[in-house]
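In what follows, a single structure is set out as structure tokens and then discussed.
Atoms within a ligand are numbered from 1 in the order they appear, just like the ligands themselves.
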Amino acid sequence: RRWAHNIPSFSHLNAVTEEDLAHFHKILAPTSILSTLPPNSTSTDDLASYNEDWMGKYHGQANTVLRPRTTQQVSEIVKWCAKRRIGIVPQGGNTGLVGGGISLQKEIVLSLGAMSNVRSFDPVSGILVADAGCVLESLSEYIAPHNHIMPLDLGAKGSCQIGGNISTNAGGLRLLRYGSLHGTVLGLEVVLPDGTILDQLSTLRKDNTGYDLKQLFIGGEGTLGIVTGVSILTPPAPQASNNVFLALPNFNNVLPLYQTVKRQLGEIMSAFEYIDRTAYDMGISHGLGPILDAGEVGDSQCFVLVETSGGNQTHDEEKLNGLLESLLSAEQPLINTGVLSQSPSQFASIWAFREGLTECCQKEGKPYKYDVSVPLADFQKVVDAIRERMISKGLYGDHAISKVMGYGHVGDGNLHMNVIAKHGYRPELEEALEPYIYEIVASHKGSVSAEHGIGSMKTHALHYSKSDVSIEWMRKIKQVFDPLNIMNPGKVLP
Ligand code: FAD
């Protein structure tokens with residue numbers, strides 16, 4: 001199986017033995033241990049949900065999964081693994097899209113799912129302190145009665161965990177408004193690769209006392225330590241939210257539209273999402289729509305979802321209505337048609353269309369997912385170049401790559417390119433796609449990973465976005481934190 005590049009042999013690591021398992025039984029309750037080794041008798045099938053990723057692309061080989069309930073238990077497990085040189089793969093909700101949470105050899109999976117308590121919430125400051133295993137959506141529900149929202153939101157919210165979000169530095173649908181986790185995370189509690197508990201669970205907005213170590217774990221993908229607790233600043237819930245869905249004749253209008261929308265909506269604009277025609281048609285065919293009248297959509301080439309979050313419903317609606325009117329009445333309209341949500345359910349269904357696209361890709365076949373940052377003006381060029389490449393290789397069509405499409409967070413310069421292999425992943429398809437895609441992205445001075453991370457999928461492509469000097473210093477940092485290389489080995493660094 002060739003699903004990760006250069007799967008390392010890990011000769012420095014040991015597989016879990018019955019003796020190790022006996023030790024884990026001293027730390028954890030029996031129900032917190034899943035293992036195929038005696039005296040446990042978990043079947044390989046019972047481990048499947050930990051050994052296979054959301055896309056069914058990455059297949060792990062872990063024979064033991066540990067589900068600690070406390071930071072102290074995590075610390076004791078890690079101490080033992082360091083002593084015995086056992087590799088550890090931290091795992092949250094297992095919704096990551098780059099194979100970061102899946103074992104490469106016989107590392108144990110340390111699942112954070114049983115650490116799911118809110119530790120405190122201050123409704124005045126909006127500061128939430130929670131266990132890393134809390135599911136993002138459940139945190140949203142917890143703070144909703146206090147009129148606060150989580151500063152991030154993504155399609156996987158029902159399964160992904162806040163510790164996983166932090167470890168992947170997840171971006172998502174609210175980044176445009178509330179910024180990245182590097183700004184909203186105030187503190188972390190982390191179990192380091194020798195088992196030491198690093199308690200930096202600060203609730204201070206301002207703290208300039210030397211190096212800000214927590215930043216290394218935000219986007220660290222579990223390679224430097226296990227995040228066990230999180231302190232995060234949550235913004236007040238907007239008093240009014242609206243969205244519009246717009247159909248554009250062609251891609252050339254996206255940039256002028258973005259500028260117009262920013263100018264007219266100003267501070268209330270909270271999302272600006274892009275969907276190309278292929279992705280739109282796929283969404284419709286899987287029952288996500290209709291959002292717009294098919295006749296009015298005509299041959300529109302792309303679509304944009306704009307969300308506003310403000311303080312006054314009437315004021316925001318006036319602004320949005322004014323925007324739509326000015327767009328439609330312009331001499332050379334930037335849009336063909338558009339719809340302004342008229343009710344909470346229509347608001348939700350417009351968002352459901354955008355958020356549902358990732359799942360639709362799964363239903364279409366096996367998606368190669370490329371989550372890249374490129375200058376806004378180059379979005380469509382990159383997608384077209386990939387499609388043309390597959391056509392020129394004779395690999396475009398139902399026999400191979402059936403669809404190439406782009407959607408994403410235009411406001412953040414983040415394009416999600418999905419290349420659908422109708423009948424499954426095949427080495428020759430991947431060889432036609434990579435490193436070509438990374439070369440194209442690099443030629444546009446983009447990033448090979450905008451928000452999903454490197455995991456095991458892109459270790460070989462890291463150099464397209466990071467200089468040799470940067471990679472050398474990343475290695476030095478890894479060496480300082482994890483000299484035994486037990487913490488998520490084989491991930492991030494080539
Ligand atoms: P996992 O998948 O379990 O793990 C991801 C990585 O983090 C692994 O390397 C793992 O080892 C590490 N990790 C997990 N928990 C910890 C921990 N406590 N301590 C240390 N390391 C840990 N991402 C975006 O950025 N924006 C999006 O809009 C977006 N939309 C998505 C939509 C869908 C439908 C899906 C399936 C995924 C989407 N993603 C998106 C991918 C995103 O990275 C994940 O959904 C999420 O952030 C990962 O959280 P998780 O708990 O599932 O982590």
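Only side-chain heavy atoms of His452 come within less than 4.0 Å of ligand 1; its backbone N, CA, C and O stay farther off. Contact annotation: for Asn488 versus ligand 1, heavy atoms closer than 4.0 Å belong to the side chain alone. Within the 4.0 Å heavy-atom criterion, the part of His409 lying near ligand 1 is the side chain and not the backbone. Contact annotation for Thr95 and ligand 1: heavy atoms of both the backbone and the side chain come within less than 4.0 Å of the ligand. Contact annotation for Asn165 and ligand 1: heavy atoms of both the backbone and the side chain come within less than 4.0 Å of the ligand.
Under the 30°/60° scheme for interplanar angles, the aromatic rings of His452 and His416 are found to lie parallel.
Atom numbering of ligand 1 starts at 1 in the shown order; those under 4.0 Å from a heavy atom of Ala170 are 25 (O), 47 (O). Shown in contact with Leu112 at under 4.0 Å from a heavy atom are these atoms of ligand 1, numbered in order with element: 18 (N). Interface of Ile226 with ligand 1, defined as ligand atoms under 4.0 Å from a residue heavy atom, comprises 19 (N), 20 (C). Ligand-side atoms of ligand 1 in range of Thr358: 33 (C), 34 (C), range being under 4.0 angstrom from any heavy atom. When each atom of ligand 1 is checked for a heavy atom of Gly96 under 4.0 Å away, the hits are 2 (O), 52 (O). Listed by atom number, the atoms of ligand 1 under 4.0 Å from Gly222 heavy atoms are 20 (C), 21 (N). Applying the 4.0 Å criterion to heavy atoms of Gly100 picks out, from ligand 1, the atoms 8 (C), 9 (O), 11 (O). For ligand 1, the atoms lying closer than 4.0 Å to a non-hydrogen atom of Gly225 are 20 (C).
The only option from Val190, Ile88, Ile197 that meets the side-chain contact (heavy atoms from CB on, under 4.5 Å) definition with Ile226 turns out to be Ile88.
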(message) Could you go through Lys491 and Val89, starting from their C-alpha distance and side-chain angles, then the distance that decides it, and tell me whether this counts as side-chain contact (heavy atoms from CB on, under 4.5 Å)?
(response) CA-CA 10 Å; Lys491 312 291 168 55; Val89 179; 4.1 Å; yes
Inset, instruction - Mind running side-chain contact (heavy atoms from CB on, under 4.5 Å) on Lys83 and His23 for me, showing each step along the way? - result: CA-CA 12 Å; Lys83 186 172 153 202; His23 187 81; over 6 Å; no
- Task: Give the C-alpha distance, both sets of side-chain angles, the deciding distance and a yes or no for side-chain contact (heavy atoms from CB on, under 4.5 Å) between Ile77 and Ile108.
- Result: CA-CA 10 Å; Ile77 293 166; Ile108 59 162; 4.2 Å; yes
Check your understanding: Step by step, would you call Gln73 with Arg67 a side-chain contact (heavy atoms from CB on, under 4.5 Å)?
Key -> CA-CA 9 Å; Gln73 288 177 340; Arg67 294 176 48 83; over 6 Å; no
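Using a 4.5 Å cut-off on side-chain heavy atoms (C-beta onward), Phe303 and Ile291 make no contact. Residues Leu66 and Ile33 form a side-chain contact, since some pair of their non-hydrogen atoms from C-beta on lies under 4.5 Å apart.
In this structure, OG in Ser35 is found 5.0 Å from CG in Asn63, a value given to the nearest 0.5 Å.
Nearest to atom 33 (C) of ligand 1 by heavy-atom distance, out of Ser456, Ala156, Ser159, is Ala156.
Nearest protein neighbour of atom 18 (N) of ligand 1, counting heavy atoms only, is Val227 O, 2.9 Å. When only non-hydrogen protein atoms are considered, atom 38 (C) of ligand 1 lies nearest to Leu97 CD1, 3.9 Å. Scanning the protein heavy atoms around atom 53 (O) of ligand 1, the nearest turns out to be Gly164 CA, 3.6 Å. Residue, atom and distance of the protein heavy atom nearest to atom 27 (C) of ligand 1 are Glu451 OE2, 3.3 Å. When hydrogens are left out, the protein atom nearest atom 42 (C) of ligand 1 is Leu154 CD1, 4.2 Å; that is the closest non-hydrogen contact. In terms of protein heavy atoms, atom 11 (O) of ligand 1 is closest to Pro90 O, 2.6 Å. Protein heavy atom nearest atom 22 (C) of ligand 1, with residue, atom name and distance: Ser167 OG, 3.1 Å. Closest protein heavy atom to atom 5 (C) of ligand 1: Thr168 CG2, 3.5 Å.
Within the cation-pi definition used here (under 6.0 Å to the ring centroid, within 45° of the axis), Lys57 qualifies as a partner of Tyr425.
Ring to ring, Tyr274 and Phe251 are close: their centroids are under 6.0 angstrom apart.
At a 4.0 Å cut-off, at least one heavy atom of Gly171 sits close enough to ligand 1 to count as contact.
On a distance-only criterion, Glu221 and ligand 1 share at least one N/O pair closer than 3.5 Å. Residue-to-ligand polar distances place Gly93 within reach of ligand 1: an N/O pair is separated by less than 3.5 Å.
Inspection of the Thr196 and Asp194 side chains reveals an N or O donor paired with an N or O acceptor under 3.5 Å. No side-chain donor-acceptor contact under 3.5 Å links His286 and Glu359. Judged purely by distance below 3.5 Å, without hydrogens or angles, the side chains of Asn243 and Ser341 pair a donor atom with an acceptor atom.
A salt bridge between Glu307 and Arg177 is absent, with no side-chain N of the basic residue lying under 4.0 Å from a carboxylate O of the acidic one.
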